Amino acid sequence: MYAALSLDQIKHHLGGEERLAAIGAYEFSVDPSHVTFRLGRPNPNRVRTVTVSFEPNGKFGMECFGALEPGAFRARRVGGASEILPENLATVLGKLTGIDDLHHRHF
């Protein structure tokens, strides 16, 4: 139950189902402290995987990773942020991926 609420909360703050589908978000994975999803559409910063973590103060953290390179054991970290207010999640995702449509989102 908690995981479903967490996923719904994250999706809402990222702009909703339609917005996430428009940027190619798929394969959502949820555990008690993180929501992870993949981006199937190209973006300027070549982010392939996004992890949003729940911080104890009610804020969020976000890390973005690129594609797994041949011979590498771990994907390259493209960027990250912490202490994100819920209403700023979409903006931060836009900055980290370079997707202007998210970066300039108005609430």
Side-chain angles (χ1 to χ4, degrees):
M1 179 76 170
Y2 176 75
L5 291 174
S6 301
L7 179 58
D8 290 342
Q9 178 185 18
I10 296 293
K11 284 182 175 182
H12 170 75
H13 289 303
L14 289 173
E17 295 275 349
E18 286 183 28
R19 178 71 55 126
L20 289 169
I23 64 168
Y26 71 102
E27 204 173 280
F28 287 83
S29 171
V30 181
D31 69 36
S33 62
H34 299 85
V35 170
T36 300
F37 59 93
R38 297 184 47 81
L39 295 176
R41 295 203 178 133
N43 57 76
N45 294 342
R46 297 184 176 146
V47 172
R48 294 290 305 268
T49 304
V50 177
T51 299
V52 179
S53 57
F54 303 99
E55 295 182 354
N57 56 7
K59 296 179 182 174
F60 296 93
M62 186 180 294
E63 288 192 290
C64 295
F65 300 91
L68 185 62
E69 301 292 329
F73 292 106
R74 170 179 269 184
R76 175 181 60 88
R77 185 176 182 269
V78 174
S82 61
E83 299 286 318
I84 306 167
L85 294 171
E87 59 269 18
N88 294 332
L89 273 175
T91 301
V92 172
L93 180 61
K95 287 180 182 178
L96 294 175
T97 60
I99 300 173
D100 286 336
D101 194 34
L102 289 172
H103 178 71
H104 299 294
R105 180 171 181 243
H106 298 286
F107 290 92

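Not measured: the values here are computed from a predicted model. Excluded from the calculations below are hydrogen atoms, water molecules and symmetry mates; all remaining heavy atoms, backbone and side chain alike, are included.
Within the 4.5 Å cutoff, no side-chain heavy atoms of R19 are placed close to those of L14. Residues R46 and V78 are not in side-chain contact: their nearest non-hydrogen atoms beyond the backbone lie 4.5 Å or more apart. The side-chain heavy atoms of K59 and L85, taken from C-beta on, include a pair separated by under 4.5 Å. The closest side-chain heavy-atom distance from I10 to L89 is below 4.5 Å.
Not counting sequence neighbours, E55 has no partner by the side-chain hydrogen bond (donor to acceptor under 3.5 Å, both in side chains) test. Under the side-chain hydrogen bond (donor to acceptor under 3.5 Å, both in side chains) criterion, T36 pairs with T51, not counting sequence neighbours. Contacts of R77 classified as side-chain hydrogen bond (donor to acceptor under 3.5 Å, both in side chains), with partners at least two apart in sequence or in another chain: E63. Partners of F37 by ring pair (Phe, Tyr, Trp, His ring centres under 6.0 Å), not counting sequence neighbours, listed by chain and number: F28. Listed by chain and residue number, nothing satisfies the salt bridge (charged side-chain N to carboxylate O under 4.0 Å, His left out) test with E69 (two or more places apart in sequence, or in another chain).
In E83, the CD atom is crowded: over 12 heavy atoms of neighbouring residues, nucleotides or ligands sit closer than 6.0 Å.
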In sequence, state the C-alpha distance, the side-chain angles, and the governing distance for R38 and T49, and then conclude on side-chain contact (heavy atoms from CB on, under 4.5 Å). CA-CA 4 Å; R38 297 184 47 81; T49 304; 3.2 Å; yes
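Closest heavy-atom contact between K11 and L20: CG-CD1, 3.6 Å. The nearest pair of heavy atoms linking R41 to G24 is CG-CA, 3.7 Å. When all heavy atoms of G98 and P44 are compared, the closest pair comes out as O-CG, 3.2 Å. Counting all heavy atoms, side chain and backbone alike, L68 lies closest to A75 at CD1-N, 3.6 Å.
For the atom pair D31 CG and S6 OG, the distance stands at 9.5 Å (nearest 0.5 Å). Expressed to the nearest 0.5 Å, how far CD1 of I23 lies from CG of L93 amounts to 5.0 Å. From L7, atom CG reaches atom NE2 of H12 across 13.0 Å, with rounding to the nearest 0.5 Å. The CG atom of L96 lies 6.5 Å from the CE atom of M62; values are rounded to the nearest 0.5 Å.
Legend: ring-ring contact (aromatic ring centres under 6.0 Å, His included) pairs involving residues 56-96, not counting sequence neighbours, sorted by first then second residue: F54-F60.
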